[in-house]
Trainee: 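Please find one structure pasted underneath; my questions will follow.
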Amino acid sequence: MDPTAPSSPLVWREDGLPQSSLYGDVYFSSVDGLAETRAVFLRGCGLPERFAGRRDFVVGELGFGSGLNIAALLDLWRREKPDGARLRIFSIEAHPLDREEAARILAHWPELGEASQALLDAWPGRARGFHRVDLPGFDAVLDLAVMDVVEALEAWDGAADAWFLDGFSPALNPAMWREEVLAAVAARSAPGARAATFTVAGAVRRGLQAAGFEIAKRPGFGRKRERLEAWLPGQRVVPSRPQSLAIIGGGIAGAALARAARAEGLSVTVIDDPDGVAASGNPTGLVTPALDAGGGPRAALYAQALARATALYAATPGAVVAREVLQLANAERDPARFAAVALQDIFEPGAMTPLDPARTEDRLGEATPALAMASAQVVEPPTIRAAWIGGTVAARVAQLERDGDAWRLLDAAGGLILRADAVVLAGGAASAALDPALPLRPVRGQASWASGVATPAPAPAAFGGYAIPTRDGVLFGATHDRDQTATDVRAEDHLRNLVTLAKGLPRLAQRLEGKALEGRAALRATVPDHLPLAGARADGPWLLTGLGSRGLCLAPLLAEHVIAGLLGVPSPLPRQLSHLVDPARFDSLAEAASV
């Protein structure tokens with residue numbers, strides 16, 4: 001984060017109004033901010049009348065601020081929405097407020113109490129990127145983009161039915177109202193979309209018209225004589241959507257898909273091979289990102305995935321075993337890499353903290369440089385899978401057949417297991433059995449664990465290998481054997497894991513000498529470019545596979561991306577990140593895999 005930036009983007013004036021410390025404008029009308037929001041934005045976009053007959057309604061906003069407009073929208077939506085409908089909100093804020101600041105502002109309108117509280121309970125962070133906020137009590141979801149407005153609009157893959165244009169005054173913040181911005185708004189609008197704003201500045205009117213909007217001045221609110229309404233010609237065409245989904249694979253990818261799909265109202269069946277061995281079946285597992293000192297899209301993908309995964313696991317009873325993981329240095333360059341990662345604004349402030357050897361020894365008992373990853377977790381995968389999947393159908397799918405617009409899932413004898421409108425392959429390396437062209441490579445990994453280890457329980461640590469607590473001991477490992485598919489537990493692999501442990505945590509390795517070890521071998525699936533496959537393949541089923549050793553981190557966010565694509569609704573992933581995981585990489589990857 002920029003150390004020269006002000007600690008807060010607002011100051012409180014003597015009259016009690018919040019004012020931007022960056023632009024000098026107030027956050028809401030001195031007359032009545034809520035009444036202004038309802039007059040300018042809600043009625044200006046034809047709400048609630050335009051909710052009628054809609055399964056999904058999409059609202060975009062420039063200038064999230066305190067969340068007042070969104071709280072008012074949520075309050076209206078819950079009262080007026082059609083049965084079974086979902087509200088999807090995309091908002092942009094380059095200078096986000098702290099939760100406490102927003103709470104002080106929203107407290108001005110107790111009539112919005114439940115909507116305001118729902119926002120505050122899930123208040124998004126300040127890291128650069130997209131933040132997903134679930135609002136289940138309102139049948140709504142919010143994606144907040146913390147970034148420059150043009151970058152955010154180009155990154156979003158949605159099409160809004162309504163836009164709240166609520167940046168600070170064009171005279172004080174002209175960058176928000178540039179013709180380039182308004183053209184990007186139009187490009188992210190559905191036919192028939194409406195936009196509303198408090199300003200009638202000439203540059204704004206001309207920019208909206210140049211972007212294809214028709215405009216009209218309306219009576220303003222409070223001291224403003226006029227406000228502006230704008231609309232695009234046409235009418236959104238709503239495509240049919242699947243009602244039933246079959247997920248092949250009962251590991252963390254399948255579990256995350258089931259959770260995301262049920263949240264969208266789909267009928268879900270998870271089919272789990274009774275002979276399959278998912279890596280997410282271990283007693284505990286690490287939720288950590290792949291770190292990249294250079295930053296870039298790959299680093300941003302893992303940072304966003306980590307934030308989403310840890311929030312969802314924290315909301316799952318009994319899922320989290322420990323918080324904070326120490327990444328230990330393995331090479332001389334690692335302390336410099338850790339320092340670079342700690343400065344990256346894709347993580348929340350304070351989420352990544354370099355430790356000198358003395359501080360690491362205080363926490364872990366080993367004197368080595370480290371990076372403390374405050375938001376990383378140790379979780380219990382079986383608990384997560386049970387909570388998110390529920391029951392499964394025990395079967396091995398041997399063949400997929402098209403049946404009109406649906407799919408037939410067949411067993412080895414050609415018998416019908418299930419018919420579903422849509423299918424996602426989420427079985428890791430086993431997915432290649434149903435689609436041999438997938439560029440997947442199996443990797444066998446055996447983890448080891450000991451029960452009854454004397455307290456204190458070891459702090460979670462990664463060091464090339466890893467050592468993490470279980471409910472009654474410690475789990476460590478894991479081996480990494482490419483192209484091996486056997487899943488028997490081997491004594492020699494326990495020894496290999498102990499050798500790796502001794503290199504990173506010699507004191508813990510000594511404590512485990514002579515202990516009886518249990519273990520589990522499982523298969524992971526990797527792709528030649530070491531990035532997952534999440535999305536649609538031409539003329540084939542949808543995919544969520546190739547997660548490698550980061551499945552617990554990646555699966556929840558990528559599952560939501562897959563389900564969004566399947567339903568034709570906005571993805572939580574920025575476009576530049578969705579391109580990283582797009583199965584359209586198949587041609588080059590299949591060629592690389594055959595070399």
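In what follows, every heavy atom counts, from backbone to side chain, and hydrogens, waters and symmetry copies are set aside.
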Trainee: Run K217 and L228 through side-chain contact (heavy atoms from CB on, under 4.5 Å) and show every step you take.
Mentor: CA-CA 5 Å; K217 294 180 181 179; L228 200 63; 4.2 Å; yes
Trainee: Verify the neighbour count for atom CD of E111: are there more than 12 heavy atoms of other residues, nucleotides or ligands below 6.0 Å?
Mentor: yes
Trainee: Ring pair (Phe, Tyr, Trp, His ring centres under 6.0 Å) between Y302 and F347: does it pass, once the steps are laid out?
Mentor: CA-CA 10 Å; Y302 279 98; F347 298 105; over 10 Å; no
Trainee: Please name all residues satisfying salt bridge (Lys or Arg N to Asp or Glu O under 4.0 Å) with R241, sequence neighbours left out, ordered by chain then number.
Mentor: D56
Trainee: State, yes or no, whether a side-chain contact exists between Q209 and V204 at a heavy-atom distance under 4.5 Å.
Mentor: no
Trainee: Please report the interatomic distance CZ(F164) to CG(L68), rounded to the nearest 0.5 Å.
Mentor: 10.5 Å
Trainee: Report yes if the side chains of I384 and V379 come closer than 4.5 Å at any heavy-atom pair, otherwise no.
Mentor: yes
Trainee: Please confirm whether the backbone N or O of P289 pairs with a side-chain atom of R550, one donor and one acceptor, at under 3.5 Å?
Mentor: yes
Trainee: Mind checking the CZ-CZ spacing from R54 to R236? Nearest 0.5 Å is all I need.
Mentor: 5.0 Å
Trainee: Identify the two heavy atoms, one from T199 and one from P170, that lie closest to each other, and give their separation to 0.1 Å.
Mentor: OG1-CG, 3.7 Å
Trainee: Identify the residue among R259, R55, R88 that makes a salt bridge (charged side-chain N to carboxylate O under 4.0 Å, His left out) with E264.
Mentor: R88
Trainee: Suppose we screen for side-chain hydrogen bond (donor to acceptor under 3.5 Å, both in side chains). Which residues come up paired with Q243, at least two apart in sequence or across chains?
Mentor: none
Trainee: Does L533 reach the side chain of L544, with side-chain heavy atoms less than 4.5 Å apart?
Mentor: no
Trainee: Do R78 and D139 meet the salt-bridge criterion of a basic N to acidic O distance under 4.0 Å?
Mentor: no
Trainee: For A311, check side chain to side chain contact (heavy atoms under 4.5 Å, CB included) against everything at least two apart and list the hits.
Mentor: none
Trainee: Say whether, by atom type as modelled, one donor and one acceptor occur between the side chain of W123 and the main chain of L97 under 3.5 angstrom.
Mentor: yes
Trainee: Applying side chain to side chain contact (heavy atoms under 4.5 Å, CB included), name anything that partners A216, two or more places apart in sequence or on another chain.
Mentor: R218, W231
Trainee: For a quick test of your reading: what N or O donor-acceptor pairs under 3.5 Å do the side chains of residues 190-198 make, sequence neighbours left out?
Mentor:
residue, atom, partner, partner atom, Å
R194, NH2, G44, O, 3.3
R194, NH2, E229, OE1, 3.2
T197, OG1, L165, O, 2.9

Trainee: Is the backbone of V58 close enough, under 3.5 Å, to the side chain of D161 for a donor and an acceptor to pair up by distance?
Mentor: yes
Trainee: What pair of heavy atoms forms the shortest contact from L531 to R585, and how long is it?
Mentor: O-NH2, 3.1 Å
Trainee: The criterion is side-chain hydrogen bond (donor to acceptor under 3.5 Å, both in side chains); which residues satisfy it with R132, sequence neighbours excluded?
Mentor: D143
Trainee: If the condition is salt bridge (Lys or Arg N to Asp or Glu O under 4.0 Å), which residues does D582 pass it with, not counting sequence neighbours?
Mentor: none
Trainee: Quick one: ring pair (Phe, Tyr, Trp, His ring centres under 6.0 Å) partners of F213, sequence neighbours excluded?
Mentor: none
Trainee: Working note: E49 + E80, criterion side-chain contact (heavy atoms from CB on, under 4.5 Å); need CA distance, chi angles, decisive distance, verdict.
Mentor: CA-CA 9 Å; E49 292 79 11; E80 302 288 346; over 6 Å; no
Trainee: Taking S116 for the side chain and G113 for the main chain, is one N or O donor matched with an acceptor at less than 3.5 Å?
Mentor: no
Trainee: Please tabulate, one pair per line, all N/O donor-acceptor pairs under 3.5 Å involving side-chain atoms of residues 144-157, not counting sequence neighbours.
Mentor:
residue, atom, partner, partner atom, Å
D148, OD2, V150, N, 3.1
D148, OD2, E151, N, 3.4
D157, OD1, S571, N, 3.0

Trainee: Contact between E324 and Q377 at the side-chain level, heavy atoms closer than 4.5 Å - yes or no?
Mentor: no
Trainee: Between L73 and V59, is the side-chain contact (heavy atoms from CB on, under 4.5 Å) condition met? List the steps.
Mentor: CA-CA 9 Å; L73 173 64; V59 174; 3.9 Å; yes
Trainee: Quick check against the 3.5 Å criterion: does E348 have a side-chain atom that pairs as donor or acceptor with the backbone of A127?
Mentor: yes
Trainee: Tell me, do L566 and P242 make a side-chain contact under 4.5 Å, heavy atoms counted?
Mentor: yes
Trainee: Rounded to the nearest 0.5 Å, what separates atom NE2 in H131 from atom OG in S91?
Mentor: 12.0 Å
Trainee: So do the side chains of L142 and L119 get within less than 4.5 Å of each other, counting heavy atoms only?
Mentor: yes
Trainee: Does the side chain of R79 come within less than 4.5 Å of L76's, by heavy atoms?
Mentor: yes
Trainee: Rounded to the nearest 0.5 Å, how far does CZ of R262 lie from CG of L257?
Mentor: 11.0 Å
Trainee: Quick one: closest heavy-atom pair of A309 and V287, and the distance?
Mentor: CB-CG1, 4.2 Å
Trainee: Please check this pair: side chain of D292 against backbone of G294, looking for a donor-acceptor N/O pair closer than 3.5 Å.
Mentor: yes
Trainee: The criterion is side-chain hydrogen bond (donor to acceptor under 3.5 Å, both in side chains); which residues satisfy it with N69, sequence neighbours excluded?
Mentor: T37, E61, D166
Trainee: I'd like to know if the side chain of H108 reaches the main chain of I105, judged simply by a donor and an acceptor atom lying under 3.5 Å from each other, with no hydrogens or angles considered.
Mentor: yes
Trainee: Looking at every non-hydrogen atom in both residues, tell me the closest pair between R308 and D134 and how far apart they are.
Mentor: NH2-OD2, 2.7 Å
Trainee: Side chains of T310 and V320: does their closest heavy-atom pair fall under 4.5 Å?
Mentor: no
Trainee: Out of curiosity, I89 CD1 to L135 CG, how far, rounded to the nearest 0.5 Å?
Mentor: 6.5 Å
Trainee: Is the distance from the ring center of F130 to that of F90 below 6.0 Å?
Mentor: yes
Trainee: Checking Q344 side chain against I346 main chain: does a donor-acceptor pair fall under 3.5 Å?
Mentor: no
Trainee: Is there a donor-acceptor pair under 3.5 Å between the side chain of D98 and the backbone N or O of E101?
Mentor: no
Trainee: Assert yes or no for the condition that the ring centre distance of W77 to F51 is strictly below 6.0 Å.
Mentor: yes
Trainee: Run the numbers on L567 and L266 for side-chain contact (heavy atoms from CB on, under 4.5 Å), then give the verdict.
Mentor: CA-CA 10 Å; L567 297 178; L266 286 171; 4.1 Å; yes
Trainee: Which atoms form the tightest heavy-atom contact between A555 and I252, and what is the distance?
Mentor: CB-O, 3.9 Å
Trainee: Sequence neighbours left out, what passes side chain to side chain contact (heavy atoms under 4.5 Å, CB included) with A203? Give chain and number order.
Mentor: R206
Trainee: Can you check whether L301's main-chain N or O pairs, donor with acceptor, with Q304's side chain at less than 3.5 Å?
Mentor: no
Trainee: CZ/R298 to CG/L291 distance, rounded to the nearest 0.5 angstrom?
Mentor: 9.5 Å
Trainee: Who are the side-chain hydrogen bond (donor to acceptor under 3.5 Å, both in side chains) partners of D356, not counting sequence neighbours?
Mentor: none
Trainee: Testing the basics here: between L554 and P532, what is the closest heavy-atom pair and its distance to 0.1 Å?
Mentor: CD1-CG, 4.0 Å
